[in-house]
Asks: 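Got a structure for you, written out below as structure tokens; questions coming shortly.
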Number of protein chains: 2
Amino acid sequence: MAERGRPRGFDRTEALERAMRLFWTKTYEGTSLAELTEAMGINAPSLYAAFGSKEGLFREALAHYSDRAGGGFWKELDEIPDARTAVEHLLLATAAAFSDPADPPGCLIVLGAQHGCDDGDAVHRELRARRRENLDQLANRLRRAVTEGELPADFDAAGAAAFYLSVQTGMSVLARDGARREALEAVARGAMLGWDRWVAGGAAVKSSLRSS
Amino acid sequence: MAERGRPRGFDRTEALERAMRLFWTKTYEGTSLAELTEAMGINAPSLYAAFGSKEGLFREALAHYSDRAGGGFWKELDEIPDARTAVEHLLLATAAAFSDPADPPGCLIVLGAQHGCDDGDAVHRELRARRRENLDQLANRLRRAVTEGELPADFDAAGAAAFYLSVQTGMSVLARDGARREALEAVARGAMLGWDRWVAGGAAVKSSLRSS
DNA sequence: CGATATCTGTAGCGAACACTACAGATATGG
DNA sequence: CCATATCTGTAGTGTTCGCTACAGATATCG
């Protein structure tokens with residue numbers, strides 16, 4: 001059954017793309033509806049008919065971001081067979097993406113909204129959930145490497161995941177503050193310098209702690 | 001000369017402290033004047049007489065934060081004689097502070113405002129400048145260790161500073177997302193695992209890159 | 001063609017925002 | 001005691017916010 005009524009006068013996907021880039025540049029709360037409608041080339045009622053609300057539009061923009069811009073290296077994390085190479089690639093690809101002049105610097109999922117504390121707000125909960133997803137994906141990738149025998153049984157997958165995600169998250173802010181690609185790559189390479197000692201296991205971690 | 005006119009009816013420092021904690025919890029843009037006046041126990045005209053504007057109040061709150069809450073470990077970075085211990089202490093003290101239940105999690109300087117791109121806004125420029133200050137202080141501390149002979153002449157102080165700051169910055173977001181103290185300490189310890197290879201110098205970094 | 005359904009543009013809604021005019025209150029300086 | 005100066009509380013200001021009522025336009029269905 002074909003659609004009835006007057007057909008939509010704009011390309012929904014392109015409008016969504018423009019909204020995503022605006023949210024990415026100015027954050028959720030920092031982007032007004034007037035700015036959105038202007039960038040999308042439509043009027044407010046068209047926006048509400050197509051996306052429901054500012055929040056609905058943001059959530060769709062977020063999904064679009066995960067599928068397109070921010071999704072690449074996270075998918076590859078699972079595809080690259082060697083865990084060490086996979087993590088290194090994640091960080092180096094992040095360094096390249098966050099400093100790509102064609103896109104706003106940093107990650108929409110990290111920088112896309114205010115970082116309040118209480119936040120029962122749905123947008124903040126969704127962003128938090130997606131960051132949590134990244135943490136889990138990283139930990140699961142490392143655990144997989146343990147079961148595959150690449151990493152030792154006592155490998156601290158949860159700790160290492162938190163560490164590597166912390167590095168990647170910090171890179172978002174550094175990029176927003178103007179860090180160049182070489183600087184971000186130095187961060188990525190620096191994070192990999194400790195890999196062997198992560199692999200060496202809990203004893204090495206503890207001795208490093210004792211030496212302080 | 002003593003002050004003329006009706007004396008102020010509230011403690012300016014305590015009001016500032018309360019404002020700081022509110023900004024710390026809800027960010028600059030996320031905190032309304034109504035919330036501020038309520039938390040500070042004063043009316044809007046008193047706030048404006050004492051602090052000039054919301055922006056002026058935030059800047060004073062920021063200075064208060066640097067002097068009091070966020071300032072401790074950054075001062076100690078320069079006081080601890082051994083650079084390795086100094087950096088390790090910075091990260092471990094950060095882990096403890098960011099997960100202290102008595103304070104809002106994470107750092108006001110990292111989380112205190114929206115992370116927009118263009119931002120000619122004065123508040124954002126000041127936060128960015130303070131983050132830049134942290135980067136410079138860390139790099140200078142490492143360079144000092146080079147001149148003192150603790151670190152080799154070819155030590156990549158700028159790269160290492162970017163790396164360790166990236167870790168610390170990421171910890172702010174992890175803390176905001178609910179990371180416990182042990183998780184943040186794992187991040188801190190993980191960051192120190194690569195220290196020796198940072199010290200081993202550019203050749204080690206490059207070989208690590210080649211191995212990917 | 002008429003009925004129906006959806007989209008578009010104008011124009012404006014109530015609420016929240018940062019901020020302030022003004023009058024009364026309360027101190028000091030002479 | 002009077003003049004002056006500063007603070008406090010009330011009650012607003014104009015602007016911007018996200019959002020929508022409504023009428024006209026444009027499509028399909030029968």
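Below, all heavy atoms of this structure are taken into account, side chains as well, without hydrogens, waters or symmetry copies. Below, chain A is the first sequence line, B the second, and so on; all start at residue 1.
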Asks: Which part of the nucleic acid, if any, lies within contact of A:Pro45, taking any heavy atom under 4.0 Å across all strands shown: a base, the sugar-phosphate backbone alone, or nothing?
Replies: base

Asks: Students often get this wrong, so: under 4.0 angstrom with heavy atoms, is B:Thr31 touching a base, only sugar-phosphate, or nothing?
Replies: sugar-phosphate

Asks: Do the rings of A:Trp198 and A:Tyr164 sit parallel, tilted or perpendicular, given the 30° and 60° boundaries?
Replies: tilted

Asks: Could you state the CG-P distance from B:Leu22 to C:dA18, rounded to the nearest angstrom?
Replies: 11 Å

Asks: So, OP1 or OP2 of C:dT20: does either fall under 4.0 Å of a side-chain N or O from B:Tyr48?
Replies: no

Asks: So A:Glu17 and A:Arg21, do their side chains get closer than 4.5 Å, heavy atoms only?
Replies: yes

Asks: Please report, rounded to the nearest Å, how far the P atom of C:dC7 is from the CZ atom of A:Phe51.
Replies: 12 Å

Asks: In terms of ring plane angle, is the pair B:Phe73 and B:Phe98 parallel, tilted or perpendicular, where the classes change at 30° and 60°?
Replies: perpendicular

Asks: Counting only N and O atoms by type, is there a donor-acceptor contact under 3.5 Å from the side chain of B:Glu150 to the main-chain atoms of B:Arg84?
Replies: yes

Asks: To the nearest Å, how far apart are B:Arg6 CZ and C:dC22 C1'?
Replies: 15 Å

Asks: For B:Pro7 and B:Glu55, take the nucleotide of DNA chain C holding the closest heavy atom to each; which residue's nucleotide lies nearer the 5' end?
Replies: B:Glu55

Asks: By nearest atom, which of the nucleotides C:dC7, D:dA5, C:dG9 is closest to the B:Arg4 side chain?
Replies: D:dA5

Asks: Find the distance A:Leu33:CG to C:dG14:P and express it as a whole number of Å.
Replies: 19 Å

Asks: What do the steps show when you test B:Gln137 against B:Trp74 for side-chain contact (heavy atoms from CB on, under 4.5 Å), and what is the final call?
Replies: CA-CA 8 Å; B:Gln137 189 188 341; B:Trp74 283 105; 3.6 Å; yes

Asks: Please figure out whether B:Gly5 or B:Ala44 has its closest DNA chain D nucleotide nearer the 5' end.
Replies: B:Gly5

Asks: A:Lys54 NZ to D:dC17 C1': how many Å, rounded?
Replies: 8 Å

Asks: For the side chain of A:Phe10, counting heavy atoms from C-beta on, which of C:dT8, C:dG9, C:dA18 is nearest?
Replies: C:dT8

Asks: Where the side chain of B:Ser53 is defined as all heavy atoms beyond and including C-beta, which of D:dT20, C:dC19, D:dC29 is the nearest nucleotide?
Replies: C:dC19

Asks: Taking atom P of C:dA5 as reference, at what distance in whole Å does atom CZ of A:Arg8 sit?
Replies: 18 Å

Asks: Within less than 4.0 Å of OP1 or OP2 of C:dC17, is there a side-chain N or O belonging to B:Ser32?
Replies: yes

Asks: Atom CD1 of B:Ile42 and atom P of D:dT6: how far apart are they, to the nearest Å?
Replies: 18 Å

Asks: Using atom CD of B:Glu35 as one end and atom P of C:dA15 as the other, report the distance to the nearest whole Å.
Replies: 18 Å

